[in-house]
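On a predicted model such as this, the values are computed, not experimentally measured, just so you know. The figures that follow rest on heavy atoms only: side chains count, while hydrogens, waters and symmetry mates do not.
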Amino acid sequence: QVQLVESGGGLVQPGGSLRLSCVASGRILTMGWYREAPGKQRELVATITNIGTRNYVDSVKGRFTISRDNAKNTVFLQMNSLKPEDTAVYYCNAGGTIYHPGGLWGQGTQVTVSS
(Lines give C-alpha, C1' and ligand atoms only; values in the text may rest on other atoms or scores of the structure.)
Protein backbone atom coordinates (compact mmCIF):
# COMPACT_ATOMS: atom_id res chain seq x y z
CA GLN A 1 0.00 0.00 0.00
CA VAL A 2 1.47 3.36 -1.09
CA GLN A 3 2.15 5.96 1.59
CA LEU A 4 3.52 9.51 1.45
CA VAL A 5 5.96 10.91 3.99
CA GLU A 6 6.70 14.65 4.02
CA SER A 7 9.57 16.64 5.49
CA GLY A 8 11.18 20.07 5.26
CA GLY A 9 8.70 22.46 6.83
CA GLY A 10 9.64 25.04 9.40
CA LEU A 11 9.82 28.70 10.35
CA VAL A 12 11.49 31.13 7.97
CA GLN A 13 11.70 34.91 7.59
CA PRO A 14 10.07 36.71 4.66
CA GLY A 15 12.32 36.42 1.63
CA GLY A 16 13.80 33.16 2.85
CA SER A 17 13.72 29.69 1.35
CA LEU A 18 12.62 26.19 2.25
CA ARG A 19 12.62 22.89 0.41
CA LEU A 20 9.91 20.34 1.02
CA SER A 21 10.33 16.66 0.23
CA CYS A 22 7.78 13.90 -0.15
CA VAL A 23 8.69 10.24 -0.51
CA ALA A 24 6.21 7.74 -1.89
CA SER A 25 6.50 4.07 -1.08
CA GLY A 26 5.57 3.19 -4.66
CA ARG A 27 5.56 4.57 -8.19
CA ILE A 28 2.93 7.23 -8.92
CA LEU A 29 2.38 9.08 -12.20
CA THR A 30 1.34 12.50 -10.88
CA MET A 31 2.46 14.05 -7.61
CA GLY A 32 2.05 17.50 -6.19
CA TRP A 33 1.73 19.90 -3.32
CA TYR A 34 -1.38 21.50 -1.87
CA ARG A 35 -1.64 23.92 1.02
CA GLU A 36 -4.24 24.89 3.58
CA ALA A 37 -4.08 28.15 5.51
CA PRO A 38 -6.31 28.85 8.53
CA GLY A 39 -9.84 29.67 7.41
CA LYS A 40 -9.09 28.99 3.76
CA GLN A 41 -9.80 26.21 1.31
CA ARG A 42 -7.06 23.77 0.48
CA GLU A 43 -5.50 24.92 -2.79
CA LEU A 44 -3.22 23.50 -5.42
CA VAL A 45 0.32 24.86 -5.20
CA ALA A 46 2.24 22.82 -7.77
CA THR A 47 1.93 19.48 -9.54
CA ILE A 48 4.16 17.41 -11.79
CA THR A 49 3.73 14.32 -13.95
CA ASN A 50 6.23 11.53 -14.42
CA ILE A 51 7.43 13.15 -17.66
CA GLY A 52 7.83 16.61 -16.16
CA THR A 53 4.64 18.44 -17.09
CA ARG A 54 4.03 21.07 -14.40
CA ASN A 55 1.22 23.23 -13.10
CA TYR A 56 1.51 26.08 -10.58
CA VAL A 57 -0.93 28.37 -8.87
CA ASP A 58 -0.35 31.92 -10.12
CA SER A 59 0.70 33.25 -6.72
CA VAL A 60 3.84 31.07 -6.59
CA LYS A 61 4.99 31.26 -10.20
CA GLY A 62 8.57 32.46 -10.40
CA ARG A 63 9.17 31.71 -6.72
CA PHE A 64 8.45 28.00 -6.28
CA THR A 65 9.80 25.09 -8.31
CA ILE A 66 8.46 21.56 -8.25
CA SER A 67 10.69 18.67 -9.28
CA ARG A 68 10.88 14.92 -8.82
CA ASP A 69 13.24 11.99 -8.76
CA ASN A 70 11.34 9.14 -10.37
CA ALA A 71 13.90 6.53 -9.37
CA LYS A 72 13.39 7.44 -5.72
CA ASN A 73 9.63 8.11 -5.98
CA THR A 74 10.26 11.54 -4.46
CA VAL A 75 8.82 14.96 -5.21
CA PHE A 76 10.33 18.26 -4.05
CA LEU A 77 9.07 21.79 -3.67
CA GLN A 78 11.76 24.48 -3.63
CA MET A 79 10.22 27.61 -2.15
CA ASN A 80 12.12 30.88 -2.60
CA SER A 81 11.24 34.49 -1.80
CA LEU A 82 8.74 33.31 0.76
CA LYS A 83 5.96 35.64 1.85
CA PRO A 84 3.80 35.65 4.99
CA GLU A 85 0.83 34.66 2.84
CA ASP A 86 2.63 31.40 2.03
CA THR A 87 2.09 30.33 5.63
CA ALA A 88 0.07 27.13 5.63
CA VAL A 89 0.14 23.42 6.17
CA TYR A 90 1.55 21.89 3.01
CA TYR A 91 0.32 18.48 1.93
CA CYS A 92 1.90 16.13 -0.55
CA ASN A 93 -0.56 14.48 -2.93
CA ALA A 94 -0.40 11.60 -5.37
CA GLY A 95 -2.63 9.82 -7.84
CA GLY A 96 -4.48 12.75 -9.39
CA THR A 97 -3.89 14.94 -12.42
CA ILE A 98 -1.90 18.15 -12.69
CA TYR A 99 -5.16 20.04 -12.16
CA HIS A 100 -6.91 18.02 -9.45
CA PRO A 101 -5.76 15.97 -6.48
CA GLY A 102 -5.79 12.24 -6.11
CA GLY A 103 -6.88 10.38 -3.04
CA LEU A 104 -3.47 9.83 -1.48
CA TRP A 105 -2.24 12.49 0.97
CA GLY A 106 0.82 12.99 3.11
CA GLN A 107 0.62 13.88 6.78
CA GLY A 108 1.18 17.61 6.23
CA THR A 109 4.09 19.83 7.16
CA GLN A 110 3.79 23.33 8.64
CA VAL A 111 5.41 26.23 6.81
CA THR A 112 5.44 29.52 8.70
CA VAL A 113 6.80 32.72 7.16
CA SER A 114 7.16 35.42 9.77
CA SER A 115 9.57 37.95 11.23
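Distance alone, capped at 3.5 Å, is enough to place a donor-acceptor pair between the Glu6 side chain and the Gly108 backbone. No donor-acceptor pair under 3.5 Å is formed between the side chain of Asn55 and the backbone N or O of Ile48. Of the possible donor and acceptor atoms, none in the side chain of Thr74 sits under 3.5 Å from a partner among the backbone N and O of Asp69. Distance alone, capped at 3.5 Å, is enough to place a donor-acceptor pair between the Thr47 side chain and the Ile98 backbone. At distances below 3.5 Å, not a single donor-acceptor pair connects side-chain atoms of Arg19 with backbone N or O atoms of Ser17.
No side-chain heavy atom of Phe76 sits under 4.5 Å from any side-chain heavy atom of Thr65. Proximity of Val2 to Asn73: side-chain heavy atoms (C-beta onward) are nowhere separated by under 4.5 Å. With a 4.5 Å cut-off on side-chain heavy atoms, Leu77 and Phe64 count as touching.
For Asp58 and Lys61, the salt-bridge test passes: some basic side-chain N is under 4.0 Å from an acidic carboxylate O.
Contact between Ala94 and Ile28 at its shortest, heavy atoms only, is CB-CD1, 3.2 Å. Contact record, Val111 with Gly9: CG2-CA, 4.2 Å, taken as the closest heavy-atom pair. Residues Met79 and Leu20 share a closest heavy-atom pair of CE-CG, 3.8 Å. Between Gly32 and Ile66, the closest heavy-atom pair is CA-CD1, 4.0 Å. Shortest non-hydrogen contact noted between Val75 and Met31 is CG1-CE, 3.6 Å. Residues Val89 and Gln110 share a closest heavy-atom pair of CG2-OE1, 3.3 Å.
Here the CZ-OG distance, from Arg68 to Ser21, works out to 13.5 Å after rounding to the nearest 0.5 Å. Of the inter-residue distances, the one linking Arg63 atom CZ with Leu82 atom CG reads 6.5 Å to the nearest 0.5 angstrom. Here Tyr56 contributes atom OH and Leu44 contributes atom CG; the two are 11.0 Å apart, rounded to the nearest 0.5 Å. Atom CD1 of Ile51 and atom CG of Asn70 lie 10.5 Å apart (nearest 0.5 Å).
Heavy atoms from other residues, nucleotides or ligands lying under 6.0 Å from CD of Gln41 number 12 at most. Within 6.0 Å of atom CZ in Arg27, 12 or fewer heavy atoms from other residues, nucleotides or ligands are found, so the atom counts as exposed in its surroundings.
A search for side-chain contact (heavy atoms from CB on, under 4.5 Å) contacts involving Ser114 returns Leu11, Thr112, not counting sequence neighbours. A search for side-chain contact (heavy atoms from CB on, under 4.5 Å) contacts involving Val57 returns Glu43, Ser59, Val60, not counting sequence neighbours.
Ring orientation note: the planes of Tyr34 and Trp105 are nearly perpendicular, at an angle over 60° on the 30°/60° scale.
Residue Tyr90 is grouped with residue Val113 when hydrophobic side chains (ILVMFWY) are merged at heavy-atom distances under 4.5 angstrom, including chains of intermediate members.
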